[in-house]
Amino acid sequence: MSPSVRVRFAPSPTGYLHVGGARTALFNWLFARHNRGTFILRIEDTDKSREQEQAVRVIYDGLRWLGLEWDEGAGRGGPFGSYFQSERTVIYEKYLNVLQGKGVLYEEEGAIRFRSSRKPVVVDDLVCGRIEFDRSSDPDITVRRPDGSWIFHFVNVVDDIEMQISHVIRGEDHLTNTSKHLELYEALSAEPPRFAHIPLILNRDGSKMSKRDAGSSIASYVEQGYAPEAVRNYLCLLGWSPKDNREVISIDEVVQLFDLTKVNRKNAAFDLDKCDWLNRQYIHSMSLNRFRELTDSFIRAAGINASDENYLLRVLEIVKEKIKFFKEVPDWIDFFFTEGFHFDQSAVEQSLRKPGAMRRLRSLRDAYAALEVWSATNLEATLKHLGKEIGCKAGDLIHPARVAVSGRAIGPSLYHMFEVMGRDRVLRRIDRAIQLFG
RNA sequence: GACCCUAUCGUCCAGUGGCCCAGGACACUCCCCUUUCACGGGAGUAACACGGGUUCGAAUCCCGUUAGGGUCGCCA
């Protein structure tokens with residue numbers, strides 16, 4: 001095990017966190033955790049703008065939502081700050097002087113450029129292997145613009161040296177850049193870190209993912225109500241696998257098994273369907289308390305008056321297995337908490353308006369009113385018994401009852417729904433439906 | 001265009017010379033369960049890009065072609 005693994009995620013604050021970026025952060029985090037190393041967050045804001053605060057917030061929120069807490073860096077501090085490039089000018093100038101002293105810099109129209117030796121360079125990559133670059137026709141890189149602002153390649157290398165980064169794990173789009181960076185390390189007489197270029201994440205059709213593609217922004221998962229552990233699990237499986245065909249795998253186990261040299265070299269297409277499937281797996285096996293916690297913001301946003309915590313928990317319990325995303329929860333539970341729920345017209349037509357529906361509903365109401373113990377088991381037995389007695393199918397009772405009490409044709413298990421709602425509420429609503437539609 | 005990377009079911013992965021006429025998962029189709037919607041269980045369709053080698057033997061190694069992706073910025 002390396003004595004001091006130090007890795008960094010170095011996004012530029014663009015206002016949103018891309019899944020590709022999140023996956024890069026995740027792999028850095030996994031590598032750090034696996035090696036008991038340090039995971040650093042550095043903000044690459046060479047173009048300092050002041051609406052940046054909000055953009056940085058988006059990165060913090062996205063990483064924290066995914067459970068990728070950093071040990072050192074922006075918003076957290078550490079021995080190598082500042083972790084914002086916009087605040088590191090003094091350091092960059094120092095390194096610029098070093099290059100100056102070596103006579104490898106020259107000026108061109110006010111900008112400072114680095115003269116390349118154009119000698120072949122070898123990148124020994126942990127993921128891609130040994131790659132030779134013929135740099136004979138590469139142009140020189142620019143280090144600083146005429147206005148004094150810095151260019152990515154230079155500050156990126158300087159920061160990695162200064163922050164004692166041991167492994168640079170980043171997207172494959174930087175693979176070619178690495179040959180340039182290596183020359184910079186040499187010119188600065190610094191030992192380069194190990195590199196690991198991980199494959200990119202593309203759309204299903206192989207095109208590059210942009211902000212508007214579904215699932216490209218981490219914020220969209222938060223908005224739709226995905227379980228963060230599910231999204232994280234899905235991201236782990238993009239370019240990496242536990243090699244034993246498992247799909248649902250705990251993060252602790254991934255940390256234990258993670259190995260950069262086992263990362264794929266092929267770009268991966270993003271499949272939201274599979275992410276959705278994993279999300280459902282996680283929701284179904286999640287504890288009720290966790291479900292309560294993750295659905296809270298959606299329930300509040302919908303303005304549902306769920307002041308009776310105990311009642312809310314019982315409602316959530318019977319609805320949990322039905323939910324695909326937390327955003328759907330209010331639609332599934334609102335009628336439990338208000339008499340002002342909406343009656344779906346086609347549901348009414350297809351059940352309550354059917355001939356004989358009202359008569360059957362009255363019979364069910366009476367049978368339920370006479371019930372001694374109000375439980376799902378009794379509710380089911382009573383309904384089925386009544387069906388036989390009056391000679392109709394169970395469905396002819398179930399459907400009208402469901403619509404009468406919830407206003408819709410789709411919902412949780414009828415008997416459990418009634419059990420949770422309680423006798424008074426159920427009978428009252430059946431009476432009202434009979435009045436309204438009878 | 002130059003340089004670099006990649007190439008197994010529609011998608012994500014498994015497979016590192018014989019155990020593979022290729023395995024798992026998602027999606028899709030069908031069946032069962034369930035008189036809602038889902039879950040769950042079972043079955044099915046579906047791939048080693050192409051052409052040359054190497055080898056007794058290749059999805060696995062080599063070369064070429066093709067295709068996809070990346071980089072060539074005073075973007076990051």
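Per chain, numbering begins at 1; letters A, B, ... match sequence-line order.
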Complementary nucleotide for B:rC28 - Watson-Crick or wobble, under 3.5 Å: B:rG44
For B:rG23, the Watson-Crick or wobble counterpart (both distances under 3.5 Å): B:rC13
A:Lys266 side-chain proximity, nearest of B:rU8, B:rA25, B:rA38: B:rU8
Side chain of A:Lys384 - closest among B:rC75, B:rC26, B:rU35: B:rU35
Side chain of A:Trp277 (C-beta onward), nearest among B:rU71, B:rU6, B:rA27: B:rA27
Plane angle bin for A:Tyr16 and A:His18 - parallel if under 30°, tilted between 30 and 60°, otherwise perpendicular: perpendicular
Any donor-acceptor N/O pair under 3.5 Å between B:rA14 base and A:Lys243 side chain: no
Side chain A:Asn267 and base B:rG69 donor-acceptor under 3.5 Å: no
Nearest listed nucleotide, side chain of A:Glu109, among B:rC3, B:rC74, B:rU71: B:rC74
Check: A:Phe343 ring centroid to A:Phe335 ring centroid under 6.0 Å: no
Nucleotide nearest A:Pro139 when distance is taken to its side chain, options B:rG73, B:rC4, B:rU36: B:rG73
Atom CD of A:Glu109 with >12 non-hydrogen neighbours under 6.0 angstrom: no
A:Arg265 side chain, from C-beta outward: closest of B:rC75, B:rU6, B:rU35: B:rU6
Complementary nucleotide of B:rC33, counting Watson-Crick and G-U pairs under 3.5 Å: none
Among B:rG69, B:rU71, B:rA27, the one nearest A:Lys180 by side-chain distance: B:rU71
Minimum-distance nucleotide to A:Leu200 side chain [options: B:rA14, B:rG69, B:rU71]: B:rG69
Residue A:Ser241, side-chain heavy atoms: nucleotide from B:rU11, B:rC13, B:rU71 that is nearest: B:rC13
A:Thr46, nearest nucleotide to its side chain (from B:rA76, B:rC12, B:rU35): B:rA76
Cation-pi geometry met for A:Arg23 and A:Phe27 (6.0 Å, 45°): yes
G-U wobble or Watson-Crick pairing nucleotide for B:rA7 (cut-off 3.5 Å, both distances): B:rU66
Donor-acceptor under 3.5 Å (A:Lys320 side chain, A:His284 main chain): yes
